[in-house]
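Here is the structure we will look at.
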There are 2 protein chains.
Amino acid sequence: MPIALRPEEMVRLEQVVQRSGLNYRQDIVYRQDDTFGALYAVRLGCIKTYRTTEDGREQVTGFYFPGEIFGMDGVGSGRYTNSAVALETGSTCELPFEQMEKLSATIPQLQHHLFRILGKEITQDQQLVTLLSKHTAEERLAALLISLSTRFAERKQSSLRFRLPMSRSDIGNYLGLTVETVSRVLGKMQKGEILRVDNKEVEILDIDKLKTQAGIK
Amino acid sequence: MPIALRPEEMVRLEQVVQRSGLNYRQDIVYRQDDTFGALYAVRLGCIKTYRTTEDGREQVTGFYFPGEIFGMDGVGSGRYTNSAVALETGSTCELPFEQMEKLSATIPQLQHHLFRILGKEITQDQQLVTLLSKHTAEERLAALLISLSTRFAERKQSSLRFRLPMSRSDIGNYLGLTVETVSRVLGKMQKGEILRVDNKEVEILDIDKLKTQAGIK
DNA sequence: CGTTCCATTGAGATGTGTCAATTCAAGTGG
DNA sequence: CCACTTGAATTGACACATCTCAATGGAACG
(Lines give C-alpha, C1' and ligand atoms only; values in the text may rest on other atoms or scores of the structure.)
Protein backbone atom coordinates (compact mmCIF):
# COMPACT_ATOMS: atom_id res chain seq x y z
CA MET A 1 0.00 0.00 0.00
CA PRO A 2 1.37 3.36 -0.99
CA ILE A 3 0.63 5.03 2.32
CA ALA A 4 2.83 6.52 5.00
CA LEU A 5 2.14 5.01 8.39
CA ARG A 6 4.06 5.00 11.62
CA PRO A 7 5.76 1.65 12.34
CA GLU A 8 3.36 0.93 15.15
CA GLU A 9 0.39 1.50 12.84
CA MET A 10 2.00 -0.57 10.12
CA VAL A 11 2.17 -3.50 12.49
CA ARG A 12 -1.51 -3.24 13.31
CA LEU A 13 -2.37 -3.11 9.62
CA GLU A 14 -0.24 -6.12 8.83
CA GLN A 15 -1.94 -8.08 11.55
CA VAL A 16 -5.23 -7.63 9.72
CA VAL A 17 -4.05 -8.44 6.20
CA GLN A 18 -4.34 -12.06 5.06
CA ARG A 19 -1.53 -13.06 2.76
CA SER A 20 -3.13 -16.35 1.95
CA GLY A 21 -4.47 -16.17 -1.57
CA LEU A 22 -2.63 -18.10 -4.25
CA ASN A 23 -4.61 -18.19 -7.49
CA TYR A 24 -4.46 -20.26 -10.61
CA ARG A 25 -6.02 -19.45 -13.97
CA GLN A 26 -9.84 -19.43 -13.70
CA ASP A 27 -9.84 -19.43 -9.89
CA ILE A 28 -12.75 -17.51 -8.47
CA VAL A 29 -11.82 -15.03 -5.73
CA TYR A 30 -15.42 -14.20 -4.95
CA ARG A 31 -18.78 -14.69 -6.59
CA GLN A 32 -21.54 -12.22 -7.41
CA ASP A 33 -24.09 -12.25 -4.54
CA ASP A 34 -21.59 -13.64 -2.03
CA THR A 35 -21.62 -11.84 1.29
CA PHE A 36 -19.11 -9.04 1.18
CA GLY A 37 -16.24 -9.56 3.59
CA ALA A 38 -13.07 -8.10 2.22
CA LEU A 39 -11.28 -6.02 -0.34
CA TYR A 40 -8.39 -7.66 -2.16
CA ALA A 41 -5.03 -6.44 -3.34
CA VAL A 42 -3.43 -8.06 -6.34
CA ARG A 43 0.13 -9.17 -5.58
CA LEU A 44 0.88 -11.04 -8.76
CA GLY A 45 -1.11 -11.88 -11.86
CA CYS A 46 -4.28 -10.28 -13.17
CA ILE A 47 -7.83 -10.32 -11.87
CA LYS A 48 -10.96 -9.78 -13.96
CA THR A 49 -14.26 -8.66 -12.45
CA TYR A 50 -17.58 -9.14 -14.20
CA ARG A 51 -21.29 -9.08 -13.46
CA THR A 52 -24.15 -11.07 -14.89
CA THR A 53 -27.56 -9.49 -15.39
CA GLU A 54 -30.73 -11.30 -14.42
CA ASP A 55 -31.26 -12.30 -18.02
CA GLY A 56 -27.80 -13.74 -18.35
CA ARG A 57 -25.82 -11.05 -20.09
CA GLU A 58 -22.27 -10.63 -18.82
CA GLN A 59 -20.32 -7.43 -18.46
CA VAL A 60 -16.63 -7.32 -17.66
CA THR A 61 -16.22 -4.35 -15.32
CA GLY A 62 -12.49 -4.27 -14.72
CA PHE A 63 -9.01 -5.71 -14.93
CA TYR A 64 -6.74 -5.42 -11.91
CA PHE A 65 -2.95 -5.67 -11.83
CA PRO A 66 -0.39 -5.96 -9.01
CA GLY A 67 -0.72 -3.15 -6.51
CA GLU A 68 -4.34 -2.50 -7.43
CA ILE A 69 -7.33 -3.11 -5.17
CA PHE A 70 -10.56 -4.84 -6.15
CA GLY A 71 -13.71 -5.93 -4.35
CA MET A 72 -15.16 -2.45 -3.83
CA ASP A 73 -18.31 -3.55 -5.60
CA GLY A 74 -19.39 -5.25 -2.39
CA VAL A 75 -19.23 -2.18 -0.17
CA GLY A 76 -22.55 -0.67 -1.24
CA SER A 77 -24.89 -3.48 -0.35
CA GLY A 78 -22.94 -5.98 1.73
CA ARG A 79 -22.91 -8.40 -1.18
CA TYR A 80 -20.55 -8.49 -4.11
CA THR A 81 -22.23 -7.31 -7.29
CA ASN A 82 -19.43 -8.78 -9.41
CA SER A 83 -17.53 -11.99 -9.60
CA ALA A 84 -13.74 -11.89 -9.56
CA VAL A 85 -11.62 -14.43 -11.37
CA ALA A 86 -7.88 -14.88 -11.89
CA LEU A 87 -6.74 -14.60 -15.50
CA GLU A 88 -3.39 -16.18 -14.77
CA THR A 89 -1.42 -17.70 -11.95
CA GLY A 90 -0.83 -15.16 -9.20
CA SER A 91 -1.69 -14.17 -5.68
CA THR A 92 -3.84 -11.74 -3.75
CA CYS A 93 -4.01 -10.30 -0.22
CA GLU A 94 -7.25 -10.27 1.62
CA LEU A 95 -8.17 -7.07 3.47
CA PRO A 96 -11.08 -7.96 5.79
CA PHE A 97 -13.25 -4.91 5.53
CA GLU A 98 -14.79 -4.80 8.98
CA GLN A 99 -11.38 -4.92 10.59
CA MET A 100 -10.11 -2.31 8.17
CA GLU A 101 -12.99 -0.07 9.15
CA LYS A 102 -12.23 -0.46 12.85
CA LEU A 103 -8.57 0.13 12.27
CA SER A 104 -9.20 3.17 10.12
CA ALA A 105 -11.16 4.84 12.92
CA THR A 106 -7.90 5.17 14.81
CA ILE A 107 -5.59 5.72 11.83
CA PRO A 108 -6.85 8.77 9.91
CA GLN A 109 -4.35 8.14 7.11
CA LEU A 110 -5.81 4.72 6.54
CA GLN A 111 -9.37 5.97 6.63
CA HIS A 112 -8.55 8.63 4.09
CA HIS A 113 -6.81 6.08 1.91
CA LEU A 114 -9.82 3.79 1.92
CA PHE A 115 -12.11 6.62 0.88
CA ARG A 116 -9.70 7.45 -1.93
CA ILE A 117 -9.63 3.88 -3.16
CA LEU A 118 -13.39 3.82 -3.42
CA GLY A 119 -13.39 7.26 -5.01
CA LYS A 120 -10.91 6.17 -7.65
CA GLU A 121 -13.07 3.22 -8.55
CA ILE A 122 -15.96 5.63 -9.09
CA THR A 123 -13.86 7.82 -11.35
CA GLN A 124 -12.70 4.81 -13.33
CA ASP A 125 -16.17 3.43 -13.77
CA GLN A 126 -17.38 6.79 -15.00
CA GLN A 127 -14.54 6.96 -17.47
CA LEU A 128 -15.64 3.59 -18.75
CA VAL A 129 -19.20 4.88 -19.07
CA THR A 130 -17.97 7.73 -21.23
CA LEU A 131 -15.83 5.40 -23.29
CA LEU A 132 -18.75 3.08 -23.99
CA SER A 133 -21.20 5.85 -24.64
CA LYS A 134 -19.28 8.36 -26.69
CA HIS A 135 -16.34 6.67 -28.36
CA THR A 136 -15.81 4.53 -31.45
CA ALA A 137 -14.36 1.04 -31.45
CA GLU A 138 -10.89 2.34 -32.34
CA GLU A 139 -10.95 4.92 -29.60
CA ARG A 140 -12.05 2.36 -27.03
CA LEU A 141 -9.30 -0.05 -27.90
CA ALA A 142 -6.71 2.71 -28.02
CA ALA A 143 -7.84 3.95 -24.61
CA LEU A 144 -7.56 0.47 -23.10
CA LEU A 145 -4.08 -0.03 -24.53
CA ILE A 146 -2.95 3.35 -23.19
CA SER A 147 -4.41 2.52 -19.80
CA LEU A 148 -2.60 -0.82 -19.70
CA SER A 149 0.61 0.77 -20.90
CA THR A 150 0.43 3.42 -18.19
CA ARG A 151 -0.26 0.89 -15.51
CA PHE A 152 2.60 -1.36 -16.58
CA ALA A 153 4.89 1.66 -16.48
CA GLU A 154 3.78 2.39 -12.90
CA ARG A 155 4.94 -1.10 -12.01
CA LYS A 156 8.26 -0.35 -13.69
CA GLN A 157 7.61 -2.78 -16.48
CA SER A 158 7.89 -2.08 -20.14
CA SER A 159 5.09 0.24 -21.20
CA LEU A 160 5.63 -0.35 -24.91
CA ARG A 161 5.82 -4.08 -25.02
CA PHE A 162 3.67 -6.32 -22.90
CA ARG A 163 1.45 -9.35 -22.78
CA LEU A 164 -2.33 -9.09 -22.68
CA PRO A 165 -3.43 -11.44 -19.92
CA MET A 166 -7.05 -11.36 -21.06
CA SER A 167 -8.68 -12.91 -24.12
CA ARG A 168 -10.03 -10.94 -27.07
CA SER A 169 -13.45 -11.86 -25.84
CA ASP A 170 -12.77 -10.27 -22.44
CA ILE A 171 -11.46 -7.15 -24.13
CA GLY A 172 -14.49 -6.93 -26.36
CA ASN A 173 -16.89 -7.53 -23.55
CA TYR A 174 -15.23 -4.89 -21.39
CA LEU A 175 -15.32 -2.34 -24.20
CA GLY A 176 -18.80 -3.17 -25.41
CA LEU A 177 -17.58 -4.68 -28.67
CA THR A 178 -17.64 -8.10 -30.26
CA VAL A 179 -14.57 -10.29 -30.56
CA GLU A 180 -14.64 -9.79 -34.31
CA THR A 181 -14.52 -6.03 -34.01
CA VAL A 182 -11.63 -6.20 -31.56
CA SER A 183 -9.76 -8.40 -33.94
CA ARG A 184 -10.44 -6.17 -36.92
CA VAL A 185 -9.46 -2.98 -35.10
CA LEU A 186 -6.23 -4.55 -33.86
CA GLY A 187 -5.55 -5.62 -37.41
CA LYS A 188 -6.17 -2.11 -38.65
CA MET A 189 -3.88 -0.59 -36.04
CA GLN A 190 -1.23 -3.03 -37.10
CA LYS A 191 -1.56 -2.00 -40.75
CA GLY A 192 -1.36 1.62 -39.63
CA GLU A 193 2.04 0.90 -38.08
CA ILE A 194 0.73 1.81 -34.64
CA LEU A 195 1.01 -1.64 -33.10
CA ARG A 196 2.58 -4.96 -33.61
CA VAL A 197 0.32 -7.71 -32.32
CA ASP A 198 1.24 -11.34 -32.03
CA ASN A 199 -1.53 -13.18 -30.29
CA LYS A 200 -1.32 -11.90 -26.69
CA GLU A 201 1.93 -10.01 -27.19
CA VAL A 202 1.58 -6.33 -27.99
CA GLU A 203 4.22 -3.85 -29.01
CA ILE A 204 3.26 -0.21 -29.27
CA LEU A 205 5.14 1.32 -32.19
CA ASP A 206 3.62 4.79 -32.21
CA ILE A 207 2.32 5.79 -28.81
CA ASP A 208 1.53 9.35 -29.87
CA LYS A 209 -0.73 8.20 -32.66
CA LEU A 210 -2.32 5.76 -30.22
CA LYS A 211 -2.98 8.54 -27.73
CA THR A 212 -4.49 10.68 -30.46
CA GLN A 213 -6.76 7.80 -31.39
CA ALA A 214 -7.78 7.33 -27.78
CA GLY A 215 -9.27 10.81 -27.91
CA ILE A 216 -6.89 11.77 -25.13
CA LYS A 217 -5.40 14.17 -27.67
CA MET B 1 -29.77 10.81 6.35
CA PRO B 2 -31.22 7.41 6.99
CA ILE B 3 -28.89 6.54 9.82
CA ALA B 4 -29.45 5.84 13.49
CA LEU B 5 -27.29 8.05 15.68
CA ARG B 6 -27.42 8.94 19.34
CA PRO B 7 -28.78 12.45 19.98
CA GLU B 8 -25.36 13.69 21.00
CA GLU B 9 -23.84 12.41 17.78
CA MET B 10 -26.68 13.87 15.78
CA VAL B 11 -25.87 17.28 17.15
CA ARG B 12 -22.25 17.00 16.13
CA LEU B 13 -23.26 15.96 12.64
CA GLU B 14 -25.69 18.83 12.29
CA GLN B 15 -23.01 21.28 13.31
CA VAL B 16 -20.99 20.22 10.29
CA VAL B 17 -23.75 20.25 7.71
CA GLN B 18 -24.26 23.45 5.74
CA ARG B 19 -27.87 24.07 4.91
CA SER B 20 -27.05 26.95 2.65
CA GLY B 21 -27.58 25.87 -0.92
CA LEU B 22 -30.60 27.23 -2.74
CA ASN B 23 -30.44 26.42 -6.44
CA TYR B 24 -32.21 27.70 -9.50
CA ARG B 25 -32.39 26.05 -12.90
CA GLN B 26 -28.93 25.85 -14.50
CA ASP B 27 -27.10 26.75 -11.28
CA ILE B 28 -23.74 25.04 -11.05
CA VAL B 29 -23.08 23.36 -7.70
CA TYR B 30 -19.49 22.50 -8.58
CA ARG B 31 -17.38 22.37 -11.69
CA GLN B 32 -15.21 19.64 -13.11
CA ASP B 33 -11.60 20.19 -11.93
CA ASP B 34 -12.68 22.28 -8.94
CA THR B 35 -10.93 21.32 -5.72
CA PHE B 36 -13.02 18.72 -3.94
CA GLY B 37 -14.38 19.95 -0.66
CA ALA B 38 -17.73 18.41 0.05
CA LEU B 39 -20.40 15.92 -0.75
CA TYR B 40 -23.90 17.25 -1.29
CA ALA B 41 -27.33 15.98 -0.39
CA VAL B 42 -30.28 16.96 -2.54
CA ARG B 43 -33.08 18.43 -0.43
CA LEU B 44 -35.40 19.54 -3.20
CA GLY B 45 -35.22 19.50 -6.97
CA CYS B 46 -32.96 17.45 -9.22
CA ILE B 47 -29.24 17.59 -9.85
CA LYS B 48 -27.49 16.38 -12.99
CA THR B 49 -23.80 15.45 -13.04
CA TYR B 50 -21.76 15.29 -16.23
CA ARG B 51 -18.18 15.18 -17.36
CA THR B 52 -16.48 16.59 -20.43
CA THR B 53 -13.63 14.74 -22.12
CA GLU B 54 -10.50 16.52 -23.27
CA ASP B 55 -11.84 16.61 -26.78
CA GLY B 56 -15.13 18.16 -25.75
CA ARG B 57 -17.53 15.25 -25.62
CA GLU B 58 -19.98 15.37 -22.75
CA GLN B 59 -21.32 12.46 -20.74
CA VAL B 60 -24.15 12.77 -18.27
CA THR B 61 -23.20 10.48 -15.40
CA GLY B 62 -26.16 10.77 -13.08
CA PHE B 63 -29.40 12.32 -11.92
CA TYR B 64 -29.90 12.88 -8.21
CA PHE B 65 -33.18 13.38 -6.37
CA PRO B 66 -34.10 14.49 -2.82
CA GLY B 67 -32.43 12.33 -0.22
CA GLU B 68 -29.66 11.26 -2.59
CA ILE B 69 -25.99 12.20 -2.26
CA PHE B 70 -23.75 13.45 -5.05
CA GLY B 71 -20.20 14.73 -5.31
CA MET B 72 -18.47 11.39 -4.74
CA ASP B 73 -16.63 11.85 -8.02
CA GLY B 74 -14.24 14.19 -6.21
CA VAL B 75 -13.14 11.74 -3.54
CA GLY B 76 -10.66 9.83 -5.68
CA SER B 77 -8.35 12.61 -6.72
CA GLY B 78 -9.20 15.66 -4.62
CA ARG B 79 -10.78 17.31 -7.62
CA TYR B 80 -14.27 16.86 -8.98
CA THR B 81 -14.25 14.87 -12.20
CA ASN B 82 -17.82 15.95 -12.98
CA SER B 83 -19.77 19.15 -12.99
CA ALA B 84 -23.05 19.29 -11.11
CA VAL B 85 -25.95 21.46 -12.22
CA ALA B 86 -29.48 22.01 -10.96
CA LEU B 87 -32.20 20.95 -13.39
CA GLU B 88 -34.88 22.85 -11.54
CA THR B 89 -35.34 25.10 -8.54
CA GLY B 90 -34.36 23.31 -5.37
CA SER B 91 -31.86 23.14 -2.57
CA THR B 92 -28.90 21.11 -1.40
CA CYS B 93 -26.98 20.53 1.83
CA GLU B 94 -23.23 20.73 1.83
CA LEU B 95 -21.35 18.02 3.72
CA PRO B 96 -17.75 19.24 4.08
CA PHE B 97 -15.79 16.09 3.52
CA GLU B 98 -12.78 16.69 5.71
CA GLN B 99 -14.99 17.39 8.68
CA MET B 100 -17.11 14.37 7.87
CA GLU B 101 -13.99 12.24 7.83
CA LYS B 102 -12.90 13.54 11.23
CA LEU B 103 -16.33 13.08 12.65
CA SER B 104 -16.64 9.59 11.26
CA ALA B 105 -13.47 8.51 13.06
CA THR B 106 -15.40 8.83 16.32
CA ILE B 107 -18.82 7.72 15.02
CA PRO B 108 -18.45 4.24 13.52
CA GLN B 109 -22.02 4.34 12.21
CA LEU B 110 -21.23 7.45 10.21
CA GLN B 111 -17.99 6.04 8.86
CA HIS B 112 -19.76 2.90 7.74
CA HIS B 113 -22.49 4.98 6.15
CA LEU B 114 -20.00 7.02 4.16
CA PHE B 115 -18.32 3.88 2.85
CA ARG B 116 -21.72 2.58 1.84
CA ILE B 117 -22.60 5.75 -0.01
CA LEU B 118 -19.42 5.52 -2.06
CA GLY B 119 -19.98 1.82 -2.59
CA LYS B 120 -23.49 2.41 -3.88
CA GLU B 121 -22.22 4.92 -6.38
CA ILE B 122 -19.80 2.28 -7.65
CA THR B 123 -22.60 -0.25 -8.03
CA GLN B 124 -24.75 2.27 -9.86
CA ASP B 125 -22.01 3.30 -12.23
CA GLN B 126 -21.34 -0.33 -13.06
CA GLN B 127 -25.01 -0.89 -13.72
CA LEU B 128 -24.88 2.01 -16.14
CA VAL B 129 -21.84 0.47 -17.81
CA THR B 130 -23.78 -2.74 -18.37
CA LEU B 131 -26.79 -0.84 -19.62
CA LEU B 132 -24.72 1.07 -22.17
CA SER B 133 -22.72 -1.91 -23.25
CA LYS B 134 -25.22 -4.73 -23.45
CA HIS B 135 -28.72 -3.31 -23.85
CA THR B 136 -30.82 -1.94 -26.68
CA ALA B 137 -32.30 1.54 -26.83
CA GLU B 138 -35.67 0.28 -25.59
CA GLU B 139 -34.12 -1.59 -22.70
CA ARG B 140 -32.09 1.44 -21.66
CA LEU B 141 -35.07 3.74 -21.64
CA ALA B 142 -37.21 1.20 -19.84
CA ALA B 143 -34.49 0.74 -17.22
CA LEU B 144 -34.25 4.48 -16.64
CA LEU B 145 -37.99 4.84 -16.28
CA ILE B 146 -38.12 1.96 -13.81
CA SER B 147 -35.27 3.48 -11.84
CA LEU B 148 -37.01 6.84 -11.69
CA SER B 149 -40.29 5.21 -10.78
CA THR B 150 -38.66 3.26 -7.95
CA ARG B 151 -36.91 6.32 -6.61
CA PHE B 152 -40.08 8.42 -6.65
CA ALA B 153 -41.82 5.64 -4.78
CA GLU B 154 -39.10 5.71 -2.11
CA ARG B 155 -39.88 9.37 -1.61
CA LYS B 156 -43.55 8.46 -1.26
CA GLN B 157 -44.48 10.11 -4.49
CA SER B 158 -46.45 8.58 -7.28
CA SER B 159 -44.37 5.93 -8.99
CA LEU B 160 -46.69 5.65 -11.97
CA ARG B 161 -47.13 9.25 -12.87
CA PHE B 162 -44.35 11.79 -12.65
CA ARG B 163 -42.55 14.63 -14.34
CA LEU B 164 -39.18 14.17 -16.01
CA PRO B 165 -37.03 17.04 -14.79
CA MET B 166 -34.42 16.47 -17.48
CA SER B 167 -34.56 17.15 -21.21
CA ARG B 168 -34.68 14.46 -23.89
CA SER B 169 -31.17 15.44 -24.72
CA ASP B 170 -30.03 14.75 -21.14
CA ILE B 171 -31.78 11.40 -21.19
CA GLY B 172 -30.22 10.48 -24.50
CA ASN B 173 -26.78 11.58 -23.42
CA TYR B 174 -27.03 9.62 -20.17
CA LEU B 175 -28.15 6.48 -21.98
CA GLY B 176 -25.74 6.79 -24.87
CA LEU B 177 -28.49 7.55 -27.39
CA THR B 178 -29.42 10.49 -29.57
CA VAL B 179 -32.38 12.72 -28.84
CA GLU B 180 -34.12 11.35 -31.90
CA THR B 181 -33.84 7.78 -30.72
CA VAL B 182 -35.18 8.70 -27.29
CA SER B 183 -38.12 10.39 -28.91
CA ARG B 184 -38.82 7.48 -31.22
CA VAL B 185 -38.59 4.88 -28.47
CA LEU B 186 -40.90 6.89 -26.23
CA GLY B 187 -43.29 7.12 -29.14
CA LYS B 188 -43.13 3.39 -29.68
CA MET B 189 -43.75 2.67 -26.00
CA GLN B 190 -46.75 4.93 -26.19
CA LYS B 191 -48.14 3.07 -29.17
CA GLY B 192 -47.56 -0.17 -27.27
CA GLU B 193 -49.83 1.10 -24.49
CA ILE B 194 -46.97 0.96 -22.03
CA LEU B 195 -46.69 4.67 -21.41
CA ARG B 196 -48.53 7.89 -21.87
CA VAL B 197 -46.09 10.70 -22.53
CA ASP B 198 -46.99 14.35 -22.70
CA ASN B 199 -43.83 16.37 -23.02
CA LYS B 200 -42.20 16.00 -19.58
CA GLU B 201 -45.15 14.24 -17.97
CA VAL B 202 -45.01 10.48 -17.95
CA GLU B 203 -47.66 7.98 -16.96
CA ILE B 204 -46.71 4.33 -16.77
CA LEU B 205 -49.66 2.28 -17.96
CA ASP B 206 -48.14 -1.19 -17.89
CA ILE B 207 -45.29 -1.42 -15.41
CA ASP B 208 -44.92 -5.17 -15.86
CA LYS B 209 -44.34 -4.85 -19.57
CA LEU B 210 -41.92 -2.02 -18.86
CA LYS B 211 -39.97 -4.17 -16.42
CA THR B 212 -39.84 -6.96 -18.95
CA GLN B 213 -38.48 -4.55 -21.50
CA ALA B 214 -35.88 -3.29 -19.06
CA GLY B 215 -34.45 -6.79 -19.07
CA ILE B 216 -35.15 -6.93 -15.36
CA LYS B 217 -37.51 -9.77 -16.29
C1' DC C 1 -46.69 37.24 -30.57
C1' DG C 2 -42.33 36.70 -32.14
C1' DT C 3 -38.17 34.32 -30.81
C1' DT C 4 -35.89 30.52 -29.23
C1' DC C 5 -35.28 26.21 -27.60
C1' DC C 6 -36.97 21.56 -27.35
C1' DA C 7 -39.29 17.61 -29.27
C1' DT C 8 -41.02 14.91 -33.00
C1' DT C 9 -40.89 12.65 -37.42
C1' DG C 10 -38.96 11.03 -41.86
C1' DA C 11 -35.44 9.31 -45.08
C1' DG C 12 -31.14 7.73 -45.85
C1' DA C 13 -26.19 6.54 -44.21
C1' DT C 14 -23.00 3.80 -41.45
C1' DG C 15 -20.45 1.44 -37.74
C1' DT C 16 -20.70 -2.48 -35.59
C1' DG C 17 -23.05 -6.87 -35.00
C1' DT C 18 -24.26 -11.50 -36.78
C1' DC C 19 -23.29 -15.62 -39.07
C1' DA C 20 -20.09 -18.67 -41.15
C1' DA C 21 -15.75 -20.42 -42.62
C1' DT C 22 -10.85 -20.85 -41.80
C1' DT C 23 -6.62 -20.61 -39.42
C1' DC C 24 -3.91 -20.86 -35.42
C1' DA C 25 -2.40 -22.28 -30.63
C1' DA C 26 -2.39 -25.20 -26.88
C1' DG C 27 -2.99 -29.15 -24.68
C1' DT C 28 -3.84 -34.27 -24.35
C1' DG C 29 -3.27 -39.02 -24.86
C1' DG C 30 -1.45 -42.74 -27.54
C1' DC D 1 6.82 -36.86 -30.56
C1' DC D 2 2.97 -37.01 -33.31
C1' DA D 3 -1.95 -36.97 -34.44
C1' DC D 4 -6.16 -35.42 -32.47
C1' DT D 5 -9.14 -32.41 -30.12
C1' DT D 6 -10.60 -28.12 -28.46
C1' DG D 7 -10.91 -23.42 -27.83
C1' DA D 8 -9.26 -18.77 -29.44
C1' DA D 9 -8.45 -15.57 -33.11
C1' DT D 10 -8.92 -14.00 -37.69
C1' DT D 11 -11.31 -12.82 -41.89
C1' DG D 12 -15.25 -12.13 -45.10
C1' DA D 13 -20.07 -11.12 -46.53
C1' DC D 14 -24.19 -9.30 -45.17
C1' DA D 15 -27.79 -7.32 -41.88
C1' DC D 16 -29.59 -4.04 -38.89
C1' DA D 17 -30.01 -0.80 -34.91
C1' DT D 18 -29.00 3.51 -34.27
C1' DC D 19 -27.02 7.84 -36.04
C1' DT D 20 -27.09 11.78 -39.14
C1' DC D 21 -29.22 15.24 -41.57
C1' DA D 22 -33.23 17.85 -42.46
C1' DA D 23 -37.80 19.55 -41.93
C1' DT D 24 -41.70 20.46 -39.04
C1' DG D 25 -44.28 21.15 -34.95
C1' DG D 26 -44.95 22.67 -30.22
C1' DA D 27 -43.93 24.85 -25.67
C1' DA D 28 -41.99 28.44 -22.95
C1' DC D 29 -40.84 33.09 -22.15
C1' DG D 30 -40.02 37.83 -22.49
Side-chain angles (χ1 to χ4, degrees), chain A residues 24-26 46 48 57-60 85 87-89 130-145 163-192 195-203 213 215, chain B residues 24-26 46 48 57-60 85 87-89 130-145 163-192 195-203 213 215:
Chain A
Y24 295 93
R25 204 162 169 284
Q26 309 261 29
C46 179
K48 168 183 92 173
R57 283 173 271 200
E58 283 199 356
Q59 174 67 42
V60 173
V85 62
L87 290 181
E88 51 191 24
T89 304
T130 308
L131 203 62
L132 291 170
S133 174
K134 301 287 183 297
H135 293 256
T136 65
E138 285 198 24
E139 290 168 335
R140 293 183 213 182
L141 224 4
L144 175 60
L145 289 168
R163 195 173 167 284
L164 299 172
M166 69 293 279
S167 68
R168 299 286 190 273
S169 160
D170 287 335
I171 294 176
N173 188 306
Y174 178 67
L175 297 175
L177 302 169
T178 57
V179 190
E180 293 93 328
T181 301
V182 172
S183 199
R184 277 186 259 267
V185 171
L186 285 179
K188 199 173 164 190
M189 285 176 168
Q190 203 160 192
K191 269 181 199 140
L195 294 179
R196 214 181 47 70
V197 186
D198 177 20
N199 202 9
K200 308 248 175 199
E201 292 296 327
V202 174
E203 184 175 4
Q213 258 188 5
Chain B
Y24 295 93
R25 207 164 169 285
Q26 308 261 33
C46 180
K48 169 183 90 173
R57 282 173 271 199
E58 283 199 356
Q59 174 66 43
V60 173
V85 61
L87 290 180
E88 51 191 24
T89 304
T130 308
L131 203 62
L132 291 170
S133 173
K134 300 286 182 296
H135 293 256
T136 64
E138 284 198 25
E139 289 168 336
R140 294 183 212 182
L141 224 5
L144 175 61
L145 289 167
R163 197 174 165 283
L164 299 172
M166 69 292 281
S167 69
R168 297 287 190 272
S169 160
D170 287 334
I171 294 176
N173 187 306
Y174 178 67
L175 297 175
L177 303 168
T178 58
V179 190
E180 292 94 326
T181 301
V182 172
S183 200
R184 276 186 259 269
V185 171
L186 285 178
K188 198 172 163 190
M189 285 176 168
Q190 203 161 192
K191 268 181 200 140
L195 295 179
R196 215 183 44 71
V197 186
D198 178 20
N199 202 8
K200 309 248 175 199
E201 292 296 329
V202 174
E203 186 175 4
Q213 257 187 6

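Bear in mind that the values here come from a model prediction, so they are computed numbers and not experimental data. Protein chains get the first letters and strands the later ones, always in sequence-line order, with residue 1 at the start of each.
Spacing between atom CG of Asp170(B) and atom P of dC5(C) amounts to 16 Å, rounded to whole angstrom units. Whole-Å rounding puts the Arg57(B) CZ to dC19(D) P distance at 15 Å. Rounded to an integer number of Å, the gap from CZ of Arg25(B) to C1' of dC5(C) is 10 Å. dG26(D) atom C1' lies 8 Å from atom CG of Asn199(B), rounded to whole Å. One interatomic measurement links the two molecules: CD of Gln26(B) to P of dT4(C), which rounds to 17 Å at whole-angstrom precision. Look at CD on Glu138(B): it is 10 Å from P on dA17(D), rounded to the nearest Å. In this structure, Ile171(B) places its CD1 atom 9 Å from P of dT8(C), rounding to the nearest Å. Between the C1' atom of dG7(D) and the CE atom of Met166(A) lies a distance of 19 Å, rounded to the nearest Å.
Of the possible donor and acceptor atoms, none in the side chain of Glu203(A) sits under 3.5 Å from a partner among the backbone N and O of Arg196(A). At distances below 3.5 Å, not a single donor-acceptor pair connects side-chain atoms of Asp170(A) with backbone N or O atoms of Val60(A).
Closest contact between the side chain of Ser167(B) and the listed nucleotides dA9(D), dT10(D), dA7(C) involves dA7(C). Set against dT8(C), dA20(C), dT16(C), the side chain of Ala137(A) has dT16(C) as its closest nucleotide. Distance from the side chain of Thr136(B) is smallest for dT18(D) among the nucleotides dT18(D), dA9(D), dT11(D).
Residue-to-nucleotide contacts include a donor-acceptor pair under 3.5 Å from the side chain of Arg184(B) to the base of dT20(D).
Electrostatic pairing of Arg57(A) and Glu139(B) counts as a salt bridge here, judged by a charged N lying under 4.0 Å from a carboxylate O. Taking a cutoff of 4.0 Å between a charged side-chain nitrogen and a carboxylate oxygen, Glu88(B) and Arg163(B) qualify as a salt bridge.
Phosphate contact (OP1/OP2 of dT18(D), side-chain N/O of Thr178(B), threshold under 4.0 Å): absent. Contact check, Thr181(A) against dG17(C): a side-chain N or O comes under 4.0 Å of OP1 or OP2.
Backbone-only engagement by Lys200(B) is indicated by non-hydrogen atom pairs under 4.0 Å involving sugar-phosphate atoms exclusively. Contact annotation for Gly176(A): backbone-only contact, meaning every heavy-atom pair under 4.0 Å involves sugar-phosphate atoms and none involves a base.
The nearest pair of heavy atoms linking Met166(A) to Ile171(A) is CG-CG1, 3.5 Å.
Each of Asp198(A) and Leu177(A) was assigned the nucleotide of DNA chain C with the nearest heavy atom; the assignment lying further toward the 5' end belongs to Leu177(A).
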